[in-house]
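One structure is given here, and the rest of the page talks about it.
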Amino acid sequence: MNDNAKNTALASQARARSYGPWPLSGRTRVFCILGRPVGHSMSPAMHNTAFENLGIDAVYVPFEVSDLSRAVRGLVALEIQGASVTIPFKEAVMDLVDEVDETAANIGAVNTLVINKGVIKATNTDWIGARRCLEDLLPIRGHRFVVLGAGGAARAILYAVTRGGGEAVVVNRSEEKGRAVAEAFGVDFSPFSAIERTEADCLINTTPVGMHPHEDKSPVSDTVVRRYEAVVDVIYNPLKTRLLTQAEAAGCRVAGGVEMFVYQGVEQFERWTGQKAPVEQMKEVVYSRLLDP
Ligand code: NAP
């Protein structure tokens, strides 16, 4: 076989094998996630499935970042059009962008960057995922929610609850941080030691207790769980945490973290592309990855 014939054969093999769902080119729009670690993130599978499903020439890549400031400058230099921001950068990134919208400023954390003509705008879509997840379970208005934890996920949930006309009480391991977060959202605080006396309709775990590889842990006892009509765990790995198993056994309505995760991603996708996200396909790929990692 001469060189030309060899090259033609290689080219047709390469086309048949395909190096990904799309032929990437210089025109392919690039989106990414900035975090550390990011190897476990479901966002690349979710967004790439959505791009592929709608035939959008775009790709979403995970970046494990060691220097956030340089990474953020790199987004503009590389004409990356949007990014997700995850642990541990959700707060630190606020000082590195051109604009932080009111939602992200009120929540105190960013999970989404939209980059247009070199200007980086930061927002937060976690609260939209949280609102969707809660409203599927019970109306926010007129109900009282115990929020375990006072980190980024708790703040997104408190934003969704207070905006939605619900009441909340923060229960956190570190009392000082818990009180400060409760005060910022104008809600009550209760120490962990008083949780058995805390009245509410729904319990929401936003701590990492029970997350893989500590699936045998729960943040509260069976006695505590029995006090609630509904229980939410924002953890999505495993799909059913020990807390959700306790809650089902106690007859509570339950929701895990997948819906919250998918809907924050749906909102990101729609802001980046201006197109309606293929929600079912996004959910399907996340569930399939979680069931068969
Ligand atoms: P974070 O900012 O680090 O906050 C974690 C909170 O959990 C803190 O208030 C911390 O209390 C508390 N905590 C940690 N370990 C604890 C323990 N052993 N016992 C009791 N409390 C403990 O984290 P985050 O960003 O809010 O994320 C928290 C969880 O939510 C993670 O599992 C994350 O994967 C999940 N998440 C899910 C979604 C979703 O879309 N489903 C979105 C965001 C986050 P102290 O203040 O005392 O340290």
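One-based numbering, in listed order, for ligands and for the atoms of each.
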Heavy-atom proximity to [atom], best of [options]:
atom	options	answer
atom 28 (C) of ligand 1	Val209, Thr207, Thr206	Thr206
atom 5 (C) of ligand 1	Pro208, Ala154, Gly152	Pro208
atom 34 (O) of ligand 1	Met211, Glu175, Glu176, His40	Met211
atom 42 (C) of ligand 1	Gln264, Met260, His212, His214	Met260

Original post:
Roughly how far, to the nearest 0.5 Å, is the NE2 atom of His47 from the CZ atom of Phe31?
Top reply: 9.5 Å

Original post:
Is it the side chain (CB and beyond), the backbone, both or neither of Leu148 that lies under 4.0 Å from ligand 1, heavy atoms counted?
Top reply: neither

**OP:** Give the contacting part of Arg173 toward ligand 1: side chain, backbone, both or neither, where contact means a heavy-atom distance below 4.0 Å.
**Re:** both

Original post:
For atom 21 (N) of ligand 1, is the nearest protein heavy atom under 4.0 Å away?
Top reply: yes

Original post:
Would a 4.0 Å cut-off, counted as strictly less than, catch a protein heavy atom around atom 44 (C) of ligand 1?
Top reply: yes

**OP:** Identify whether the distance between the nearest side-chain nitrogen and carboxylate oxygen of Arg144 and Asp188 falls below 4.0 Å.
**Re:** yes

Original post:
For ligand 1, which atoms, with element, lie under 4.0 Å from some heavy atom of Ala153?
Top reply: 24 (P), 25 (O), 26 (O), 30 (O), 43 (C), 44 (C)

**OP:** Run through the side-chain heavy atoms of Ile, Leu, Val, Met, Phe, Trp and Tyr, join any pair under 4.5 Å, and report what else lands in Val209's cluster.
**Re:** none

Subject >> Side-chain hydrophobic cluster, 4.5 Å single linkage: members besides Val232 >> reply: Ile107, Trp127, Ile128, Leu134, Leu137, Leu138, Ile140, Phe145, Val147, Ile157, Leu158, Tyr159, Val161, Val170, Val181, Phe185, Val187, Phe189, Ile204, Val234, Met260

